[in-house]
Asker: 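Sharing a structure here in structure tokens format.
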Amino acid sequence: MTFLGMPTGGGNLTGAPFPKAARESLGNAQLRRNLAKATTTIRAKRANVVGELPDWAELRAAGAAIKDEVLANLDEHLVRFEEALTSRGTQVHWARDADEANRIITGLVKATGTREVIKVKSMATVEIGLNEALADVGVHAVETDLAELIVQLGKDRSSHILVPAIHRNRSEIREVFRREMPGVDPDLTDDPGALAEAARKHLRQKFLTVDVAISGANFGVAETGSLVVVESEGNGRMCLTLPRTLISVVGIEKLVPRWQDLEVFLQLLPRSSTGERMNPYTSVWTGPTEGQTSHVVLVDNGRTATLADPDGRAALRCIRCSACLNSCPVYERTGGHAYGSTYPGPIGAVLSPQLTGVDKNPTLPFASSLCGVCYDVCPVAIDIPSMLVHLRARVTEAKPTTPESTAMRVLAWAMSDARRWRRLVRLGKFGRVASRHVPLPGWSTARDLPQPPKETFRDWWESR
């Protein structure tokens, strides 16, 4: 069964307070230009392909309903998923938090005797800090997604859910490759085709020689035990099929109940993320390939704590499309690093504080203008603005008591009852002066306060 409210998550989910980090980002003019150009292009592409579908609203509602069904019956779906995986030869591991997930994965890698692994882009592994954990035991992780490779070689951090290197332009990428990529042509230009070819040559050797791969998953199908990765470069297929050991790291919320549910999400995701009608590569695997050992690590890391909040659990619907980031005026000006979490932008502002607890991320719910565009573009209809307001209230309630907050609570208590208010305004000179200068509607001074009837203050007030 699912135990709600398990320990909150750890890993790469917290950073410097948003106001401080955002102030530094706003001072970087090149960063703002890079972000504005990229997000404007993606927004326009998304709008075109979404506008082609007459049933987009119905698809969006279907996606939300499917994810809500998963969350409402997560315990059953997880057990069903585990049974399907096990029956097809995959070993399943359960991890309560980032530390446990890293212990499991590093143990599996060390058991193979390898010193190097290749990775399919996986936000869950970034969330738990897997690369750092592997490095601590002497294992080097090679990112095979082009954008993730750019970030890794540049000793940088991802700043976007879909395009981790969105904050870099192609001239900056060329300099990173020339400086950090072994054997690269010193005359490499910043032509996109040349940059992609350099990365392809570098990675092909890794695909053919490294025996352990670590993947994420966009979706897990509870009915069949299938895992799905959607990507644009083909690196996923190389990682999933060639290595002798495959370890997949999956957040427990990534499930869909049935195979046919993929029909909905494989229309929603590419249009919302890259502005494409369909993604170039969809890889599905159900159990290991011949001669391969397969493991799946199911990660909680604060997800059941999020599930326990009825006003915040819809954040777990997220399919990591990044549409909210590409549309957010705050993200466009500050970039992803300002959020201090693996999950930046509007979805990060609601998801990260719930995974870690609002006490560890108190500024992120305020990293928004509440304009509502994130809700408009979300393919699974997550009401992010309402959730931000809810989390802001939790942050405020969790703050230590101050003289100001105590005074406001006393004032609210007094004003909620006519008798208490009458007594308060009669206390001393301040009360009398205040009542003369700021009389309540229908009252000339505090001395003229009428005796209210016995009904509630609100009823009596509204009858005035």
Side-chain angles (χ1 to χ4, degrees), residues 5-18 21 93-110 117 119-137 139-143 145 147-148 151-152 155-162 164 214-218 220 247-254 295-309 312-313 315-316 318 320 322 325 336-345 347-365 367 391:
M6 283 180 66
T8 51
N12 295 322
L13 293 172
T14 58
F18 181 82
H93 311 263
W94 298 77
R96 288 169 292 187
D97 54 25
D99 290 339
E100 186 170 13
N102 286 330
R103 283 197 300 272
I104 292 169
I105 299 164
T106 55
L108 293 173
V109 172
K110 287 172 64 179
V117 301
K119 289 180 62 191
V120 185
K121 179 181 173 183
S122 166
M123 295 207 74
T125 63
V126 181
E127 172 192 327
I128 64 176
L130 178 61
N131 285 10
E132 296 86 345
L134 288 170
D136 288 342
V137 296
V139 177
H140 176 58
V142 179
E143 299 288 354
D145 174 84
E148 289 284 3
V151 169
Q152 184 179 42
K155 299 176 178 59
D156 202 350
R157 293 181 296 119
S158 298
S159 66
H160 192 275
I161 287 177
L162 182 72
I214 298 174
S215 85
N218 292 94
I247 304 169
S248 302
V249 185
V250 185
I252 59 174
E253 84 286 10
K254 287 298 187 74
H295 301 268
V296 169
V297 182
L298 295 172
V299 180
D300 186 317
N301 203 38
R303 284 159 174 80
T304 55
T306 304
L307 190 62
D309 183 357
R313 65 172 60 128
L316 295 175
C318 179
R320 309 291 191 267
S322 75
L325 281 70
H337 292 157
Y339 294 81
S341 170
T342 299
Y343 305 110
I347 188 60
V350 295
L351 183 59
S352 300
Q354 294 191 89
L355 293 177
T356 63
V358 294
D359 58 317
K360 296 180 181 177
N361 264 314
T363 61
L364 285 186
L391 291 173

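For reference, positions follow the sequence shown, starting with 1.
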Asker: Using side-chain heavy atoms (C-beta onward) and a distance below 4.5 Å, is L298 in contact with V249?
Answerer: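 The answer is no, as the side chains (C-beta and beyond) never meet within the 4.5 Å cut-off.
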
Asker: Mind checking the CG-OG1 spacing from L355 to T306? Nearest 0.5 Å is all I need.
Answerer: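 It comes to 4.5 Å.
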
Asker: Which heavy-atom pair separates S215 from S248 by the least distance, and what is that distance?
Answerer: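 Of all heavy-atom pairs spanning S215 and S248, the closest is OG-OG, 2.9 Å.
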
Asker: Working to the nearest 0.5 angstrom, can you tell me the gap between D309 CG and Q354 CD?
Answerer: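 One finds 5.5 Å between CG of D309 and CD of Q354.
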
Asker: Can you check whether K254 reaches I252 side chain to side chain, under 4.5 Å on heavy atoms?
Answerer: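 They are not in contact (no side-chain heavy atoms under 4.5 Å apart), so the answer is no.
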
Asker: Got a salt bridge between E127 and R303, using NZ or NE/NH1/NH2 to carboxylate O under 4.0 Å?
Answerer: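 A salt bridge links E127 with R303.
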
Asker: Within this structure, what is the OG-CG distance for the pair S122 and D145, rounded to the nearest 0.5 Å?
Answerer: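 One gets 11.0 Å once the value is rounded to the nearest 0.5 Å.
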
Asker: Decide whether T356 and T14 meet the rule of one side-chain donor and one side-chain acceptor closer than 3.5 Å.
Answerer: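 No, because no side-chain N or O of T356 sits under 3.5 Å from a partner of the opposite role on T14.
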
Asker: Treating N301 as the side-chain partner and G10 as the backbone partner, does any N or O pair qualify as donor plus acceptor under 3.5 Å?
Answerer: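 Checking the backbone N and O of G10 against the side chain of N301, a donor-acceptor pair under 3.5 Å is found.
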
Asker: Does the side chain of I105 reach to within under 4.5 Å of the side chain of V297, using non-hydrogen atoms?
Answerer: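 Yes, close enough: below the 4.5 Å cut-off.
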
Asker: Using atom types as modelled and distance alone, determine if a side-chain donor or acceptor of H295 lies under 3.5 Å from a backbone N or O of H93.
Answerer: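 Such a contact is absent between H295 side chain and H93 backbone.
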
Asker: Rounded to the nearest 0.5 Å, how far apart are CD1 of I104 and CG of L108?
Answerer: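 I104 atom CD1 to L108 atom CG measures 7.5 Å (nearest 0.5 Å).
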
Asker: State whether a side-chain donor-acceptor pair under 3.5 Å links T106 with N102.
Answerer: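 The answer is no; no qualifying pair exists.
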
Asker: Is there a donor in the side chain of E143 and an acceptor in the side chain of N131, or the other way round, less than 3.5 Å apart?
Answerer: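 A pair is found: one side chain offers a donor N or O, the other an acceptor, under 3.5 Å apart.
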
Asker: Assess the residue pair D97 and D300 against the criterion (side-chain contact (heavy atoms from CB on, under 4.5 Å)); give the C-alpha distance rounded to whole Å, side-chain angles, the decisive distance to 0.1 Å, and a yes or no.
Answerer: CA-CA 6 Å; D97 54 25; D300 186 317; over 6 Å; no

Asker: Looking only at heavy atoms, what is the nearest atom pair of I161 and K121, with distance?
Answerer: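 That closest heavy-atom pairing would be O-NZ, 3.2 Å.
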
Asker: Determine, stepwise, if the pair N12 / T342 fulfils side chain to side chain donor-acceptor pair (under 3.5 Å).
Answerer: CA-CA 6 Å; N12 295 322; T342 299; 4.8 Å; no

Asker: Which one of M123, Q152, E148 satisfies the side chain to side chain contact (heavy atoms under 4.5 Å, CB included) criterion with S158?
Answerer: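 With S158 as partner, M123, Q152, E148 yield a single side chain to side chain contact (heavy atoms under 4.5 Å, CB included), made by E148.
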
Asker: Evaluate the side-chain proximity of I247 to V117: yes if any heavy-atom separation is below 4.5 Å, no if none is.
Answerer: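 Result no, sub-4.5 Å side-chain heavy-atom pair not found.
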
Asker: How about L162 and L325: do any of their side-chain heavy atoms sit closer than 4.5 Å?
Answerer: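 They are not in side-chain contact.
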
Asker: Ignoring hydrogens and geometry beyond distance, is a side-chain donor-acceptor pair present between T125 and K119 at under 3.5 Å?
Answerer: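 Yes, a side-chain donor-acceptor pair sits under 3.5 Å.
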
Asker: With sequence neighbours left out, what residues match Y343 under ring-ring contact (aromatic ring centres under 6.0 Å, His included)?
Answerer: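 Partners of Y343 under the ring-ring contact (aromatic ring centres under 6.0 Å, His included) test: none.
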
Asker: V250 versus V299: any side-chain heavy-atom pair under 4.5 Å?
Answerer: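 With C-beta onward as the side chain, the pair stays apart.
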
Asker: Could you pull out the closest heavy-atom pair between A315 and V350, with the gap in Å?
Answerer: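 A315 and V350 have their closest heavy atoms at CB-CG2, 4.3 Å.
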
Asker: So, for L364 and G348, which heavy atoms are closest and what is the spacing to 0.1 Å?
Answerer: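 Result for this residue pair: CD1-O, 3.9 Å.
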
Asker: Answer yes or no: is there a donor N or O on one side and an acceptor on the other, between the side chain of N361 and the main chain of L13, under 3.5 Å?
Answerer: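 A pair under 3.5 Å: yes.
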
Asker: Can you name the residues that form a salt bridge (Lys or Arg N to Asp or Glu O under 4.0 Å) with D99, not counting sequence neighbours?
Answerer: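 With sequence neighbours excluded, D99 shows a salt bridge (Lys or Arg N to Asp or Glu O under 4.0 Å) to no residue whatsoever.
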
Asker: Rounded at 0.5 Å granularity, tell me how far OH in Y339 sits from CG in L351.
Answerer: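 With rounding to 0.5 Å, OH (Y339) is 13.5 Å from CG (L351).
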
Asker: Determine whether V137 and K110 make a side-chain contact, defined as any pair of heavy atoms from C-beta on separated by less than 4.5 Å.
Answerer: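 Counting from C-beta outward, V137 and K110 do come under 4.5 Å.
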
Asker: Just wondering, do L391 and V358 contact through their side chains at under 4.5 Å, heavy atoms?
Answerer: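 Yes, at least one pair of side-chain atoms sits under 4.5 Å.
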
Asker: Show the nearest heavy-atom pair for residues G11 and A98, with the distance to one decimal.
Answerer: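 What the structure gives for the nearest pair is N-CB, 4.0 Å.
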
Asker: At what distance, to the nearest 0.5 angstrom, does CD of E253 lie from CZ of R313?
Answerer: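 Rounded to the nearest 0.5 Å, the CD-CZ separation comes out at 14.0 Å.
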
